Amino acid sequence: MNNRPISLLPDVLISQIAAGEVVDRPASVVKELLENALDAGATEITVRIDGGGIQRICIQDNGKGIPKDELELAVTRHATSKIQSLNELESVMSLGFRGEALASIASVSQFTLSSYPKGQECAYSISNQSGRWLVEPSPASPGTTVDVQSLYFSTPARRKFLKTEQTEFFQCLDVVKRMALANPSVTWLVYRDGKLQSRFQESSWSARVFSILETMANGASKPIDVQTADMQLHGAVGLPDAARGKGDMQFFYVNGRFVKDKLIGHAVRSAYEDVLHGDKFPAFVLFLNLPANEVDVNVHPAKTEVRFRNARAVHQWVRQSIQACLAPSRAVVSLSEPSLGVDGPAVAAPSGGTVWRSSSTPMPAVQVQAKSAALPFLREELADYIQAYRPIESAPRPTAITPRPLVQDTQPNHAVENAEHSEYLGQAIAQVHGIYILALRPDGMVVVDMHAAHERVLYEQFKNALDNQQTISSQELLVPLLVQIDPRLASEVDNGQHLWEKLGFRLSLISTQEIAVRAVPTMLAGQDLSALLQQWLEDLHQYGVAHVLERQRNEWLAGLACHTAVRANRKLTVPEMNALLRSMERTERSDQCNHGRPTWRHFSLSEMDKWFLRGQ
Ligand code: ADP
Ligand code: MG
């Protein structure tokens, strides 16, 4: 304990303390400086990073610049041109507003800012020279350049928390990517230790997304654009194919600001729950816009967390919107859009790859809400991405398939060519190694993993039955099936009556050790169900009916689906195989099995031509 009287802290110390929060590492310096450049309306931004940003961060923009007589204010704590009142804070649209970034950065580095606003006679710079600000003329091009050297030289304790130069550099690069995804009309250049590392040329939004998130290209993502009276969600969600082993392809923005928010993270994760393998991370770039007074961005000094006034509504809406976007399988989509006939031309994605034209929910024509902080430019640019996915009703349909004498001659089944458009997955012709179904489409062939596909179809049917008060069609057994059970499970037969009925079973207890199965779901007819029934009774016994129905439900149904789906090596007849293909076409999410693995693949004739170098 000391006996010092209370006194005000010196200014520099206050800024150094603030720096611990605002600019705790090179990447946060980059973030603050880039936000300033964007707030100044820059269209070209060059980022130079030496020694992981610890040696030097230099950011040059062509924005509106800072007049000479405001330079000293710009680097003064709590001086900003962006807000002036609490009212303005509550509806703030600029990325910055706290007026402390430059002061904080300058307090922990060797700092020079040069600026050349339009109309001024020349550029001026301001730098900290032994504790004082020095303003002098400087050679600089229009806009602003901020040069930050020897970061944390005055606060060595902070320096100790930094990682390797390599790690710090990639953190900085991540920050640039976040900003670049939200600002496709800006050109970004990143130099690392003097060498050009990345360049994102001004482009359409989709081209920007595909250049930064390559896994989303080639049809592996879907555009989303939905809105309510005051919320709007747009961007692109990666299909399960685009998922990754780590969460580095996840970009969520609230009113144009990149956030890492728990609530949002949870909403997105749960939207993917049903289509993605548990240890995979989905890829997405999503922009949520809502009225500024519905969200508090001033929760955290770095502004990466937000607080929603109506958190629950936001959570639910975001989750449902993404879920709805992901649900229709590519095969299902083709059903509702007959013009997507199998002989229609595939559309080239902006990246040059091929995408299936699928538009999940009809894309509503969205007007930008005046009161929401939307980014209209971005939405315009999203339009061409959506366009690429739209069914192209007006597109000229080729009258015939490109002549391919050899292939056509050898096609075993002429009906295939005239196949109904709705038969998107084609006509089954064979079972391959007891695992796959091979189907023909006029434009190539489809290979289906029969177990995975059947599993998903069953799962969705079970879920629908429970959700929509439907009953699964059931078949009476001429001779009841007798199943031995453990006497301690006997009471569960009656407890679960409601469930059995829903799922298409009729069971009754014959003795404490035996049940009679009198009816089974039609789709399970002919299968050995005794092991499954015993497992169910065990589950009911352990968790209780209510719990199984509410909490464990999906897991339980998935287990049921997996158990009852056709096993490898079971011989399927051609009509059976076709029946499976047709039910896949009617089933949501049938592109993936319950574990998130794909259920089918299409091989186009042109792809096969490439295998054999035909026509090259
Ligand atoms: P804030 O961004 O919260 O206002 P900063 O400390 O980051 O606070 O910046 C202070 C002020 O300096 C800004 O309000 C802005 O007027 C000006 N400024 C900073 N960087 C730039 C830039 N790159 N171009 C133009 N003006 C800038
Ligand atoms: Mg700022």
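When a ligand or atom number is given, it counts from 1 through the structure's own listing order. On a predicted model such as this, the values are computed, not experimentally measured, just so you know. The basis for the numbers below is simple: all heavy atoms, side chains too, and nothing from hydrogens, waters or symmetry mates.
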Please write down residue, atom name and distance for the protein heavy atom closest to atom 15 (C) of ligand 1. S81 OG, 3.5 Å
Please indicate whether any nitrogen or oxygen in D61 is less than 3.5 Å from any nitrogen or oxygen in ligand 1. yes
Would you mind checking which non-hydrogen protein atom is closest to atom 1 (P) of ligand 1, with the distance to 0.1 Å? G99 N, 3.6 Å
Exactly one candidate in F252, Y253, F251 meets ring-ring contact (aromatic ring centres under 6.0 Å, His included) with F287; the answer is Y253
Applying a strict 4.0 Å limit to heavy atoms, is K82 in contact with ligand 1? yes
Is the closest N or O pair between T80 and ligand 1 shorter than 3.5 Å? yes
With a 3.5 Å cut-off and no angle check, do the side chains of T144 and S115 form a donor-acceptor pair? yes
Protein N/O/S neighbour count - the Mg ion (ligand 2), strictly under 2.8 Å: 1
Considering all heavy atoms, the nearest D61-A37 contact: OD2-CB, 3.4 Å
Do the side chains of E100 and R77 get close enough for a salt bridge, i.e. N-O under 4.0 angstrom? no
Would you tell me which option among I45, I66, L33 has the nearest heavy-atom contact to atom 26 (N) of ligand 1? I66
Check: A101 N/O within less than 3.5 Å of ligand 1 N/O: yes
With only distance considered, is A103 within less than 3.5 Å of ligand 1 through an N or O on each side? no
Applying salt bridge (charged side-chain N to carboxylate O under 4.0 Å, His left out), can you list everything that pairs with K246, at least two apart in sequence or on another chain? D248
I want to check something: taking the side chain as every heavy atom from C-beta on, are I45 and L38 in contact at a cut-off of under 4.5 Å? yes
Apply ring-ring contact (aromatic ring centres under 6.0 Å, His included) to H78 and list each qualifying residue two or more places apart in sequence or on a separate chain. none
Sub-3.5 Å donor-acceptor pair from the side chain of W205 to the main-chain atoms of L181, do we have one? yes
Between A74 and ligand 1, find which residue part has any heavy-atom pair under 4.0 Å and reply side chain, backbone, both or neither. both
Would you mind checking which non-hydrogen protein atom is closest to atom 6 (O) of ligand 1, with the distance to 0.1 Å? L102 N, 2.9 Å
N-O pairing of R269 and E273 below 4.0 Å: no
Under 4.0 angstrom from ligand 1, any heavy atom of G63? no
Under 6.0 Å from the CG atom of L196, do we count more than 12 heavy atoms belonging to anything else shown? yes
Please confirm whether A79 comes under 4.0 Å of ligand 1, counting heavy atoms of the residue only. yes
Does E32 come within less than 4.0 angstrom of ligand 1, counting non-hydrogen atoms of the residue? no
Based purely on interatomic distance, does N36 place a nitrogen or oxygen under 3.5 Å from a nitrogen or oxygen of ligand 1? yes
Residue pairs fulfilling side chain to side chain donor-acceptor pair (under 3.5 Å) with at least one residue in residues 311-320, sequence neighbours excluded: H266-H315
Among V275, L276, L326, which one satisfies side-chain contact (heavy atoms from CB on, under 4.5 Å) with L239? L326
Looking only at heavy atoms, is any part of T144 under 4.0 Å from ligand 1, and if so is it the side chain, the backbone, or both, or is it neither? side chain
Any side-chain donor-acceptor pair under 3.5 Å between S211 and Q201? no
Any idea which protein heavy atom is nearest atom 25 (C) of ligand 1, and the distance to it? A40 CB, 3.5 Å
Side-chain H-bond candidate by donor/acceptor type, Q232 with N289, under 3.5 Å: yes
